[in-house]
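First the structure, in the form of structure tokens, and then the observations on it.
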Amino acid sequence: MGNIIAIGIQWGDEGKGKIIDLLAPDMDVVARFQGGPNAGHTLMIGDNRTVLHHIPSGILHDRTLCVIGNGTVLDPEKLLAEIDGLVAGGIPVEQRLKISDRCQLIMPWHRQLDAAREGSKKGTLIGTTGCGIGPAYEDKAARRGIRLADLSGTHLDALVRGNMEYYNHLLVEYYHSSPVDPEAVRRVITQAQERLLALTCDVTLLLHAQRQKGASILFEGAQGSMLDLDHGTYPFVTSSNTTAGAALSGLGMGPGAVDQVLGIAKAYATRVGEGPFPTELYDGNGRQDPAGKQMADVGKEFGATTGRLRRTGWFDAAVIRHAVRINGITGLAITKLDVLDGMERVKIGTGYEVDDGGRKAVIDWIPSTAEAYARCQPVYHTMEGWSESTYGATDLQQLPEGAMRFLRKIEEVCGVPVVMLSTGPDRSHVIRLVPGFFA
Ligand code: IMP
């Protein structure tokens, strides 16, 4: 197997966990490169549901080395709880997992600031996951962040004191919120020192040694391209780069290390939190389109991390083409096709109608501001749906003609082949379409 970057190319929640778990047995290494506990990657094996937040989705496979790279932000208490949960289920995580000592830590003050901001009228409401992701990445850029490597350094006390002073001022004076609890901080640091340091290493050295041995690496993205800090619907984005370039910087590798870039997308679209979503049909509140409700109900569209209802809408090919350009996507994995079963009509967004100085014009790219994007009206290609079930299909021959037409249209309007199809939640519900793509 070559090296594959596998990333979400909508607004997250595309079903990356399942696809990565499926590819993992053929890979030597699965590596996370950005994000943190805001991610929720769900794996279904029979009736067993595993939700991973920090740990790479290859962890259930005994010969796969799992790696967390320098581009991620880690919440020590949550990571340890995740490790303990897996160990209790018989997975020897400590034997399979290595963590970069350059990872930034999410401290209690980051979660407090995230909550204070979201609960305040100051600034823009983003609808974050509340995990402290934004503040942790801000501190990384501001060069006051605490990394795993700092936990054994002599400068740790001064670093913690400086951060507490800064955050107490911000929390109390600006947000009129509670100060940081020094006991909670001490607990996090002690736990991380006692248990996480033993799992750290220089991940760049490790991965380069693996490459020299001919190992294949699967780079596992979190969130999706439309939540990318630079290329997403700013400011309604996460605070990391979720796109293919980050796979390299987030692990310390060069561009030559990549053979394929797999873009993972649902057969429809979802979004959690605030921000524009042109093909939106349903939000459980003001928008109540029945097709969107079917997507939410049948697709069980609730956040794996926050439990929030996800907004749903039609597949938007303009979003996918944007992702193809910014990531160099070479193949698509389409998930949750079965959720559209039984719909009389299905639609694919192909572009947007905009008001160009009093004249209507159609664009097929993403405007740079959220305001302009929110004004875009989707243009649709409408097709007959299919009444037959595609649930659990494992062979192309089992798909009805309506579903085949839908997939062919996706390939045509997105300009890349569909190489993998997921037809249900279980590991076995999959069709690999392009022989050799993963070779
Ligand atoms: P944050 O990453 O918690 O700062 O949240 C910023 C935005 O990204 C919010 O709209 C979140 O709902 C969204 N977001 C973050 N992580 C995920 C994810 O894993 N799936 C879907 N949306 C996410």
Side-chain angles (χ1 to χ4, degrees), residues 12 34-40 53-54 68 70-82 102-148 150-151 155-192 196 222-223 227-230 232-242 250 272-275 303 305-308 370:
Q34 49 71 230
N38 49 349
H53 300 284
H54 295 91
I68 300 180
N70 57 278
T72 62
V73 286
L74 306 184
D75 186 319
E77 284 184 313
K78 288 185 185 168
L79 173 55
L80 287 167
E82 210 175 319
R102 289 178 166 87
C103 285
Q104 298 277 330
L105 297 183
I106 300 178
M107 298 299 289
W109 50 71
H110 293 133
R111 282 197 308 272
Q112 274 180 259
L113 181 59
D114 201 350
R117 277 183 182 153
E118 290 282 300
S120 118
K121 298 237 165 0
K122 297 172 174 171
T124 308
L125 177 71
I126 304 294
T128 71
T129 59
C131 297
I133 303 294
Y137 276 115
E138 283 165 44
D139 282 357
K140 175 180 182 176
R143 292 157 294 186
R144 64 174 161 258
I146 301 178
R147 304 181 306 165
L148 275 171
D150 297 315
L151 295 180
H155 56 292
L156 180 65
D157 285 348
L159 196 53
V160 171
R161 257 199 319 277
N163 271 287
M164 294 228 342
E165 197 183 327
Y166 172 77
Y167 273 92
N168 279 338
H169 182 74
L170 201 56
L171 287 166
V172 176
E173 303 299 328
Y174 188 71
Y175 286 105
H176 309 298
S177 175
S178 321
V180 179
D181 172 8
E183 202 34 59
V185 172
R186 247 191 305 279
R187 196 175 57 236
V188 169
I189 288 181
T190 309
Q191 283 184 348
L196 290 182
Q223 292 82 49
L227 291 173
D228 182 271
L229 185 56
D230 288 278
T233 49
Y234 190 90
F236 303 100
V237 292
T238 192
S239 296
S240 65
N241 286 114
T242 58
V272 206
E274 306 299 314
T305 299
T306 59
R308 288 181 293 175

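Distance check: R147 CZ to L74 CG gives 12.5 Å after rounding to the nearest 0.5 Å. Atom NZ of K140 sits about 9.0 Å away from atom OG of S240, to the nearest 0.5 Å. With rounding to the nearest 0.5 Å, the separation of OH in Y234 from CG in L227 is 14.0 Å. Between Q112 atom CD and L170 atom CG the span is 11.0 Å, to the nearest 0.5 Å. Rounding to the nearest 0.5 Å places NE2 of H176 at 11.5 Å from CG of L171. The CD1 atom of I106 sits 12.5 Å away from atom CD1 of I146, with the distance rounded to the nearest 0.5 Å.
Between W109 and V185, the closest side-chain pair of non-hydrogen atoms falls below 4.5 Å. Between I189 and M107 there is a side-chain heavy-atom pair separated by less than 4.5 Å. In this structure the side chain of P76 reaches within 4.5 angstrom of the side chain of L105, judged on heavy atoms.
In terms of heavy-atom proximity, T238 sits nearest to L229 at O-CD1, 3.6 Å. The shortest non-hydrogen separation linking V73 to H54 is O-CD2, 4.0 Å. When all heavy atoms of P135 and D114 are compared, the closest pair comes out as CG-N, 4.0 Å. Residues F236 and L125 come closest through the heavy atom pair CE2-O, 3.4 Å. Residues G145 and L159 share a closest heavy-atom pair of O-CD2, 4.0 Å. When all heavy atoms of E118 and I126 are compared, the pair lying nearest together is OE2-N, 3.3 Å.
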Show your reasoning for whether side-chain contact (heavy atoms from CB on, under 4.5 Å) applies to H53 and C131.
CA-CA 11 Å; H53 300 284; C131 297; over 6 Å; no
May I have the step-by-step check of side-chain contact (heavy atoms from CB on, under 4.5 Å) for L156 and L151, ending in yes or no?
CA-CA 6 Å; L156 180 65; L151 295 180; 4.1 Å; yes
Audit row: R308, T129, side-chain contact (heavy atoms from CB on, under 4.5 Å) steps and yes/no
CA-CA 9 Å; R308 288 181 293 175; T129 59; 4.0 Å; yes
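A side-chain contact (heavy atoms from CB on, under 4.5 Å) with V180 is found for exactly one of L113, V160, N168, namely N168.
Between the side chains of D139 and Y167, at least one donor-acceptor pair of N or O atoms lies under 3.5 Å. Between the side chains of N241 and Q34, no donor-acceptor pair is found at a separation under 3.5 Å.
Atom CZ of R111 is surrounded by more than 12 heavy atoms from other residues, nucleotides or ligands within 6.0 Å. The local environment of CD in E138 is crowded, with over 12 non-hydrogen atoms from other residues, nucleotides or ligands closer than 6.0 Å. Within a 6.0 Å radius of OH in Y175, more than 12 heavy atoms belonging to other residues, nucleotides or ligands are found.
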